[in-house]
Amino acid sequence: MIRWGNLEVTVTPVQPYAARKPYVCPGCESVIVPGTFHVVVVPDSAPDLRRHWHRGCWHREMRMRRRA
């Protein structure tokens, strides 16, 4: 569990063999194609708001949040 803004979130890696559906990454707004390693970010207080992120986009988001 980590802090993201004012939310506590759980970040779970998704291995390529388990990535079977396309998702749109909220960090870059491009498609995460099936078979791509990525992470799922789930707010602990609102699990229905889970989002799939490219790993690099998520790391960039976390670096930007630390600076703000």
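Any value given below was found using the heavy atoms of this structure, including those in side chains, with hydrogens, waters and symmetry copies removed. For the single chain, residues carry numbers from 1 onward in sequence order.
For the pair Pro22/Val33, no side-chain contact is recorded, criterion being any heavy-atom separation below 4.5 Å from C-beta on. Inter-residue side-chain proximity for Trp58 and Val11 is flagged as met; some heavy-atom pair is nearer than 4.5 Å. Within the 4.5 Å cutoff, side-chain heavy atoms of Cys25 are placed close to those of His54. Residues Ile32 and Lys21 have side chains not in contact (no heavy-atom distance under 4.5 Å, counting atoms from C-beta outward). Between Val9 and Val42 there is no side-chain heavy-atom pair separated by less than 4.5 Å.
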List the steps and the verdict of side chain to side chain contact (heavy atoms under 4.5 Å, CB included) for Leu7 and Ser45. CA-CA 8 Å; Leu7 296 172; Ser45 61; 4.0 Å; yes

Apply side chain to side chain contact (heavy atoms under 4.5 Å, CB included) to residues Val14 and Val39 and explain how you reach the verdict. CA-CA 5 Å; Val14 178; Val39 296; over 6 Å; no

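Nearest heavy-atom pair across Pro16 and Gly35 is CB-O, 3.3 Å. In terms of heavy-atom proximity, Pro13 sits nearest to Phe37 at CB-CZ, 3.7 Å.
There is a path of hydrophobic side-chain contacts, each under 4.5 Å, that joins Trp53 to Ile2.
Other residues, nucleotides and ligands contribute more than 12 heavy atoms inside 6.0 Å of the CD atom of Gln15.
Applying the ring-ring contact (aromatic ring centres under 6.0 Å, His included) rule to His52 yields the partners Tyr23, His38; only residues at least two apart in sequence or on another chain are considered. Residues that satisfy the salt bridge (charged side-chain N to carboxylate O under 4.0 Å, His left out) test with Arg3, not counting sequence neighbours, are Glu8.
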